[in-house]
Participant: 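Pasting in a structure now, in structure tokens, and then I'll have a few things to ask.
Chain letters run A, B, ... following the sequence lines, proteins first and then strands; every chain starts at 1. Here the structure is a predicted model, which means the values were calculated and not measured.
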Number of protein chains: 2
Amino acid sequence: MKKNRVTITDIARELNISPSTVSRALKDHPALKRETKDAVKALAEKWDYQPNLLALSLLNRKSNTIGVIVPEITSHFFSAIITGIQDVVGKSDYNIMICLSNESYEEELILVKKLLNMQIDGVLVSPSSETDDFDHFRKLQKNGIPVVVFDRDCPGLEADKVLVDDYSGAFQAVEYLIDRGCKNIAHLGGPLNLSTTGHRLNGYLDALRKNNMPIRREHIVHVPGFSHKDGIKPAKKLFQLDNPPDAIFAMNDNIAISAMHVAKKMGLKIPEEISILGFDDEPHSSFFTPTLSTVWQPVYSIGMLSARILLSHLKNKDNQLKFRKEIFKPELVIRNSSK
Amino acid sequence: MKKNRVTITDIARELNISPSTVSRALKDHPALKRETKDAVKALAEKWDYQPNLLALSLLNRKSNTIGVIVPEITSHFFSAIITGIQDVVGKSDYNIMICLSNESYEEELILVKKLLNMQIDGVLVSPSSETDDFDHFRKLQKNGIPVVVFDRDCPGLEADKVLVDDYSGAFQAVEYLIDRGCKNIAHLGGPLNLSTTGHRLNGYLDALRKNNMPIRREHIVHVPGFSHKDGIKPAKKLFQLDNPPDAIFAMNDNIAISAMHVAKKMGLKIPEEISILGFDDEPHSSFFTPTLSTVWQPVYSIGMLSARILLSHLKNKDNQLKFRKEIFKPELVIRNSSK
DNA sequence: TTGTATGCGTTATCAC
DNA sequence: GTGATAACGCATACAA
């Protein structure tokens with residue numbers, strides 16, 4: 001039932017002029033008679049002519065579309081980054097195509113292929129937690145498509161990167177706990193082959209080392225995912241140890257919330273008996289009881305900067321050679337879940 | 001620096017055959033010599049040929065892309081709906097283009113125009129809270145683009161609709177509060193010209209009426225937005241009344257959380273002195289103290305069904321005439337923030 | 001079994 | 001001032 005859209009040729013035919021004249025009239029070409037222009041514009045208006053961007057893309061060999069690959073969007077973290085991206089890209093003449101990898105390497109491969117086929121002009125990506133091979137991103141680059149990696153690093157991939165100093169965030173958090181007198185600080189870490197997981201773990205370890213605190217293997221537990229339910233079992237495991245921790249540094253706010261939940265259920269007092277510290281500073285985090293101490297990340301800025309870098313490459317095709325690496329500093333936000 | 005991608009013509013030239021043969025070989029046309037097919041496929045593989053979807057779209061006059069217009073994605077509500085949409089559409093040969101209106105009518109207009117120009121094949125939309133004129137959606141339909149409206153209704157627009165029975169959700173919630181002995185039930189309502197706001201307000205009012213409870217104008221306050229901060233002032237306003245409420249039915253969980261926050265600060269005991277009930281059942285809601293009673297909506301299903309309906313229209317171009325209207329039943333989830 | 005011609009909608013280039 | 005033509009990459013009806 002699809003009506004044929006009005007094309008430039010339709011208008012040309014009706015007005016007994018050539019399609020090129022119509023095209024020129026619509027673009028206000030200086031060397032056209034006023035009457036012709038007016039007639040074309042009037043009819044275009046009347047018939048509600050809409051230019052076919054597909055034809056233009058094919059002609060110009062660029063789709064004016066940017067692909068954004070993220071693991072998921074239900075967390076505030078990625079949805080806020082995307083909002084930042086959108087706010088920047090929306091002001092340009094590019095569109096964004098948001099793609100969800102569902103934390104799956106397989107799906108990520110398929111998405112990259114699809115974006116390639118769609119003649120996407122550039123890609124912003126935060127790899128899935130399964131991804132540890134980045135050839136699919138290199139393939140994009142080989143096809144002349146600039147790639148900007150954000151939040152989760154792709155070690156070994158040469159590309160623009162907008163990251164957060166997770167190491168520093170973790171270090172600050174753990175050293176703070178130490179300063180406040182915590183002696184047994186446990187860590188609920190993220191899925192293993194994620195750059196952020198490693199950096200936060202290292203920050204945790206180095207903070208302990210620097211302060212001559214013992215590192216206990218059993219105090220480091222990695223959770224399988226990023227949601228509340230993923231934190232319950234690991235938290236219980238920690239509390240049931242012979243030498244249970246007096247503080248927990250969790251890989252994100254969701255997991256921290258799970259840990260608080262478990263601690264409360266077990267009758268532990270927060271922060272008197274157990275300090276809990278998260279990562280991300282989600283909007284809800286200041287509404288829990290006790291309010292959650294956490295590490296804030298500039299999510300919106302991460303999105304904006306990533307988009308800006310990509311757009312700058314898209315404008316000047318020349319300086320593709322030097323890649324930028326921008327690292328945001330996270331900030332400790334102390335509330336009431338820690339001593 | 002964009003390298004020219006390999007085209008069907010490149011392969012044809014190399015193999016001294018015609019582009020059409022290459023095209024056929026790639027599609028396993030039955031009437032082709034095995035050798036030719038193999039040679040083409042081998043070279044396509046070797047050169048990593050990628051079909052240009054843009055050219056195909058132009059040829060077929062369909063982009064295989066579905067536009068999704070939502071007010072925002074930072075809330076769990078919309079991001080979960082989108083995840084549902086993606087999970088369905090991802091299994092088809094369509095892609096989705098997610099567009100954020102930022103709750104702005106103006107931006108929504110621009111987005112619709114852009115989607116039209118991009119030759120989008122179908123649209124899934126939840127209108128902005130400012131939108132009360134739907135001609136831009138009718139324009140899509142006039143161009144043969146099926147439109148499915150989800151969650152927020154567009155009164156007067158004839159289109160497929162996937163909604164939630166907000167009235168029933170609100171009615172259940174308020175009647176529950178009445179059953180539990182609440183005498184002064186206030187309502188923190190949403191922005192005014194939103195269908196959901198109206199339906200929830202009506203559910204609230206009817207529950208009061210049915211139970212012969214007085215309706216107090218001053219107990220109905222509309223919040224300006226959907227986030228925590230938007231609820232603080234309105235909640236304070238309610239508590240400072242001469243006859244403060246003993247229960248609050250809030251338009252969403254965020255606002256309910258704000259109200260809990262304010263109540264606690266004022267030293268009110270929840271639920272003994274004040275019952276609080278939200279709407280949405282966000283993942284965090286069972287982790288607040290007290291855990292939040294709320295109305296659950298099948299967010300993921302809303303997304304999936306909307307996508308399925310749109311896809312079915314896209315497959316069979318015929319039955320565009322009768323529009324479906326699907327209404328999900330929300331469910332009351334009682335936790336500890338209500339008596 | 002394969003090649004040729006055509007068209008999808010637009011614009012740049014050259015011609016008149 | 002305006003028209004004709006070619007080109008973007010692909011698929012297909014029609015020829016051969």
Participant: Would you classify Ile17(B) as touching base, sugar-phosphate or nothing, given that sugar-phosphate means primed atoms plus P, OP1 and OP2, and contacts are heavy atoms under 4.0 Å?
Facilitator: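 Sugar-phosphate only.
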
Participant: Can you tell me how far P of dT11(C) sits from CG of Asn64(A), to the nearest Å?
Facilitator: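 Asn64(A) atom CG is separated from dT11(C) atom P by 13 Å.
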
Participant: Going by side chain to side chain contact (heavy atoms under 4.5 Å, CB included), name the residues that satisfy it together with Asn16(B), two or more places apart in sequence or in a different chain.
Facilitator: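 With neighbours one apart ignored, the set is empty.
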
Participant: Charged N to carboxylate O below 4.0 Å: is that the case for Lys41(A) and Asp38(A)?
Facilitator: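 Here Lys41(A) does not pair with Asp38(A) in a salt bridge, since their nearest N and O are not under 4.0 Å apart.
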
Participant: Base, sugar-phosphate, or nothing: which does Leu56(B) touch, judged by heavy atoms less than 4.0 Å apart?
Facilitator: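 The residue Leu56(B) makes sugar-phosphate contact but no base contact.
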
Participant: Which nucleotide wins on minimum distance to the side chain of Ser18(B), given the candidates dT10(C), dG3(C), dC8(C)?
Facilitator: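 Given the options dT10(C), dG3(C), dC8(C), the side chain of Ser18(B) is closest to dG3(C).
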
Participant: Would you mind telling me which of dT10(C), dT1(C), dC8(C) lies closest to the side-chain atoms of Leu32(B)?
Facilitator: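 Selected nucleotide: dT1(C).
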
Participant: Check this for me, if you would: do Glu103(A) and Arg152(A) make a salt bridge, where the nitrogen-to-carboxylate-oxygen distance has to be below 4.0 angstrom?
Facilitator: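 Salt bridge between Glu103(A) and Arg152(A), a charged N being under 4.0 Å from a carboxylate O: yes.
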
Participant: Do any N or O atoms of the protein come closer than 3.5 Å to N or O atoms of nucleotides 13-16 of chain C, and which pairs are they?
Facilitator:
unit_1: dT13(C); atom_1: O4; unit_2: Arg24(A); atom_2: NH1; d: 3.3

Participant: Which nucleotide, dT10(C), dA12(C), dT2(C), lies nearest any side-chain atom of Lys33(B)?
Facilitator: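 Shortest atom-to-atom distance from the side chain points to dT2(C).
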
Participant: Tell me whether the OP1 or OP2 atom of dG9(C) has a side-chain N or O from Thr7(A) closer than 4.0 Å.
Facilitator: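 Indeed not, no polar side-chain atom of Thr7(A) lies that close.
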
Participant: Counting only side-chain N and O atoms of Ser57(B), is one of them less than 4.0 Å from OP1 or OP2 of dC8(C)?
Facilitator: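 For dC8(C), neither OP1 nor OP2 has a side-chain N or O of Ser57(B) closer than 4.0 Å.
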
Participant: Just the rounded figure in Å: distance from P of dC8(C) to CG of Leu53(B).
Facilitator: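 The distance from CG of Leu53(B) to P of dC8(C) comes to 20 Å, rounded to the nearest Å.
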
Participant: Could you give me the CA-CA distance, side-chain angles and deciding distance for Lys113(B) and Glu107(B), then say whether salt bridge (charged side-chain N to carboxylate O under 4.0 Å, His left out) is met?
Facilitator: CA-CA 10 Å; Lys113(B) 188 160 189 176; Glu107(B) 296 195 35; over 6 Å; no

Participant: Determine whether the aromatic ring centres of Tyr105(B) and His136(B) lie less than 6.0 Å apart.
Facilitator: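 Yes, ring centres under 6.0 Å apart.
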
Participant: Walking along DNA chain D from 5' to 3', note the first and the last nucleotide with an atom under 4.0 Å from a heavy atom of chain A, and give both.
Facilitator: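 Endpoints of the contacted stretch of DNA chain D: dG1(D) to dG9(D).
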
Participant: Any carboxylate oxygen within less than 4.0 angstrom of a Lys/Arg side-chain nitrogen, looking at Lys325(A) and Asp160(A)?
Facilitator: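 Between Asp160(A) and Lys325(A) there is no salt bridge, as every charged N stays at least 4.0 Å from the carboxylate O atoms.
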
Participant: Any carboxylate oxygen within less than 4.0 angstrom of a Lys/Arg side-chain nitrogen, looking at Asp48(A) and Arg5(A)?
Facilitator: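 Looking at Asp48(A) and Arg5(A), the cut-off is not met.
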
